[in-house]
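These notes concern the structure reproduced below.
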Amino acid sequence: MRSPTPLTLGTIALSFHRAAAAVTQRVLEAHGHRVRVIEAPHEELFHRQARGEIDVLVCAWLPSSHSTYLSSYRDQVRVLAPYYTPYCLWAVPPYVPATVAGVADLARPEVAARMTRTVGGINAGAGISRFSTDMIGAYGLDRAGYRFTPGTEAGFLTRVERGIARQEWFVIPLWRPQYLNRRHGLRPLVEPKGLLGTVDAARPVVRLDALERIHPGALTRMNALRLGNEGIEELDTLINADGLTPLQAADHYLATRPEPLP
């Protein structure tokens with residue numbers, strides 16, 4: 001045991017973030033650490049790390065989605081190398097005709113007449129939610145009757161699954177990595193205004209005052225871990241489609257990898 005005090009691992013309360021955190025937990029445990037996991041919505045989680053309540057945060061999407069939350073205490077942390085490269089998108093189910101190719105097409109009268117114009121998302125602090133709120137006005141979708149409504153992850157997932165089962169025409173404010181992309185073959189819409197941000201780097205964030213308590217080998221392993229978007233979507237599918245817990249998904253994933261944990 002490296003430290004008698006557990007390390008506190010913080011994760012955003014969404015399934016794919018839990019997946020990345022579970023792999024990180026196994027890395028830390030492999031080096032003798034006890035790990036206490038807490039989760040919270042996006043902004044709150046960063047506030048808690050700024051207050052010293054979280055040693056390791058998995059993960060910050062930088063620079064687009066989460067830099068606004070990290071900037072106030074950036075000098076108090078070390079940001080590690082990225083686990084994966086996420087990005088935000090708006091998508092439609094594959095049965096919506098290919099003539100609906102871009103966000104601007106949603107405002108066409110014949111398209112708007114078919115679409116469900118409530119664009120349902122996850123919690124308001126998520127980057128995709130902030131971006132989607134801006135897009136409604138920027139593309140004139142509000143004039144066509146669209147509105148963005150944030151919600152819970154469970155409500156969002158249920159809404160997408162139900163809408164696809166009913167063959168609804170609707171817009172999905174989404175991101176990669178997320179298991180729905182793999183499960184349903186969703187088609188991204190062209191978004192030429194660039195309001196959905198850039199491709200981010202999903203990076204673990206470690207408080208400087210926690211570094212001396214973390215085994216050097218664990219830090220090295222975390223800094224070298226490359227899950228990739230495909231890996232996160234595989235983990236997320238194990239959780240959401242196969243019913244595994246995040247730790248069970250992490251164990252399954254790591255057991256199938258050629259390079260075991262050190």
Side-chain angles (χ1 to χ4, degrees), residues 10-18 20-21 39-50 54 57-74 77 79 82-92 102-104 106-107 115-160 170-181 186 188-205 229 232 236:
T11 182
I12 295 168
L14 293 168
S15 62
F16 64 96
H17 282 295
R18 295 184 185 106
E39 57 179 61
H42 298 71
E43 189 170 5
E44 179 186 341
L45 194 75
F46 286 88
H47 286 330
R48 294 187 70 169
Q49 188 176 44
I54 292 170
L57 185 150
V58 179
C59 283
W61 287 17
L62 304 171
S64 293
S65 290
H66 301 153
S67 59
T68 185
Y69 303 144
L70 184 60
S71 60
S72 66
Y73 68 101
R74 181 63 181 80
V77 297
V79 178
Y83 281 3
Y84 57 98
T85 52
Y87 56 91
C88 295
L89 58 124
W90 272 21
V92 292
V103 175
L106 300 172
M115 297 293 293
T116 299
R117 280 167 280 179
T118 297
V119 182
I122 56 172
N123 69 80
I128 182 61
S129 297
R130 302 196 317 271
F131 304 152
S132 295
T133 298
D134 294 339
M135 285 172 62
I136 295 289
Y139 282 93
L141 300 180
D142 49 348
R143 296 192 297 273
Y146 291 88
R147 62 190 179 93
F148 175 75
T149 304
T152 65
E153 180 188 30
F156 169 77
L157 298 177
T158 298
R159 191 269 172 276
V160 172
F170 67 110
V171 184
I172 305 162
L174 200 59
W175 57 92
R176 284 208 68 201
Q178 216 283 343
Y179 88 101
L180 292 170
N181 296 287
L186 304 175
L189 297 177
V190 176
E191 196 279 287
K193 294 183 185 294
L195 299 178
L196 286 170
T198 62
V199 175
D200 275 334
R203 298 174 178 267
V205 180
N229 291 353
I232 294 293
D236 202 32

Item checked: Heavy-atom pair with the smallest gap, counting every atom of Ala124 and Pro150 -> N-CB, 3.9 Å
Next item on the list: For Arg176 and Asn181, work out which heavy atoms get closest and say how close.
Entry: CG-ND2, 3.6 Å
Item checked: Asn123 side chain vs Gly125 backbone, donor-acceptor pair below 3.5 Å -> yes
Next item on the list: Scan for ring-ring contact (aromatic ring centres under 6.0 Å, His included) pairs involving residues 121-156, sequence neighbours excluded, and state none if there are none.
Entry: Phe156-Trp175
Next item on the list: Establish, for the pair Arg159 and Phe170, whether the NZ or CZ atom is under 6.0 angstrom from the six-membered ring centre and no further than 45 degrees off its axis.
Entry: yes
Notebook entry, point to check: Given the rule in the side-chain contact (heavy atoms from CB on, under 4.5 Å) test, do Leu174 and Ile128 qualify, once you have shown the distances and angles that lead to the verdict?
Noted result: CA-CA 7 Å; Leu174 200 59; Ile128 182 61; over 6 Å; no
Checklist line | Contact check, side chains of Pro177 and Tyr84, non-hydrogen atoms, under 4.5 Å | finding: yes
Checklist line | Taking every non-hydrogen atom, the tightest pair across Cys59 and Ile12 | finding: O-CD1, 4.1 Å
Next item on the list: Check for a donor-acceptor pair, side chain of Asn229 on one end and backbone N or O of Thr85 on the other, with a separation under 3.5 Å.
Entry: yes
Notebook entry, point to check: What pair of heavy atoms forms the shortest contact from Tyr73 to Ala50, and how long is it?
Noted result: CD2-CB, 3.4 Å
Checklist line | CG-CG distance between Leu106 and Leu189, expressed to the nearest 0.5 angstrom | finding: 5.5 Å
Next item on the list: Taking the side chain as every heavy atom from C-beta outward, state whether Glu39 and Leu45 have any pair of such atoms under 4.5 Å apart.
Entry: no
Note to self: For a 4.5 angstrom cut-off between non-hydrogen side-chain atoms, does Met135 reach Leu196?
What the structure shows: yes
Checklist line | Smallest separation among heavy atoms of Ala60 and Val205, with atom names | finding: CB-CG2, 3.7 Å
Check: Is there a side-chain contact (heavy atoms from CB on, under 4.5 Å) between Phe46 and Leu57 once you walk through the steps?
Finding: CA-CA 8 Å; Phe46 286 88; Leu57 185 150; 3.9 Å; yes
Check: For Arg130, which residues count as a side chain to side chain contact (heavy atoms under 4.5 Å, CB included) partner, sequence neighbours excluded?
Finding: Thr68, Tyr69
Margin query: Using side-chain heavy atoms (C-beta onward) and a distance below 4.5 Å, is Leu180 in contact with Leu157?
Written below: yes
Note to self: Contact between Leu141 and Val103 at the side-chain level, heavy atoms closer than 4.5 Å - yes or no?
What the structure shows: yes
Next item on the list: For the pair Val171 and Met115, evaluate side-chain contact (heavy atoms from CB on, under 4.5 Å) and give the outcome as yes or no after the intermediate values.
Entry: CA-CA 8 Å; Val171 184; Met115 297 293 293; 3.4 Å; yes
Notebook entry, point to check: Can you find a pair of side-chain heavy atoms, one from Ser129 and one from Pro173, that are under 4.5 Å apart?
Noted result: no
Item checked: Side-chain heavy atoms of Val79 within contact of Leu70, under 4.5 Å -> yes
Checklist line | Gln49 side chain vs Gly10 backbone, donor-acceptor pair below 3.5 Å | finding: no
Checklist line | Residue list, salt bridge (Lys or Arg N to Asp or Glu O under 4.0 Å) with Glu43, at least two apart or on another chain | finding: none
Check: Step by step, would you call Thr118 with Arg147 a side-chain contact (heavy atoms from CB on, under 4.5 Å)?
Finding: CA-CA 5 Å; Thr118 297; Arg147 62 190 179 93; 3.7 Å; yes
Next item on the list: Answer yes or no: is there a donor N or O on one side and an acceptor on the other, between the side chain of Glu191 and the main chain of Leu195, under 3.5 Å?
Entry: yes
Check: Can you find a heavy atom in the side chain of Thr152 that is under 4.5 Å from one in the side chain of Ile122?
Finding: no
Next item on the list: Establish, from distance only, whether the side-chain atoms of Thr198 and Ser64 form a donor-acceptor pair under 3.5 Å.
Entry: yes
Margin query: Taking the ring centre of each residue, are Trp61 and His42 less than 6.0 Å apart?
Written below: no
Notebook entry, point to check: How far apart are the closest heavy atoms of Ala138 and Lys193, and which atoms are they?
Noted result: O-CE, 3.4 Å
Notebook entry, point to check: So how far is it from Arg203 CZ to His66 NE2, rounded to the nearest 0.5 Å?
Noted result: 14.0 Å
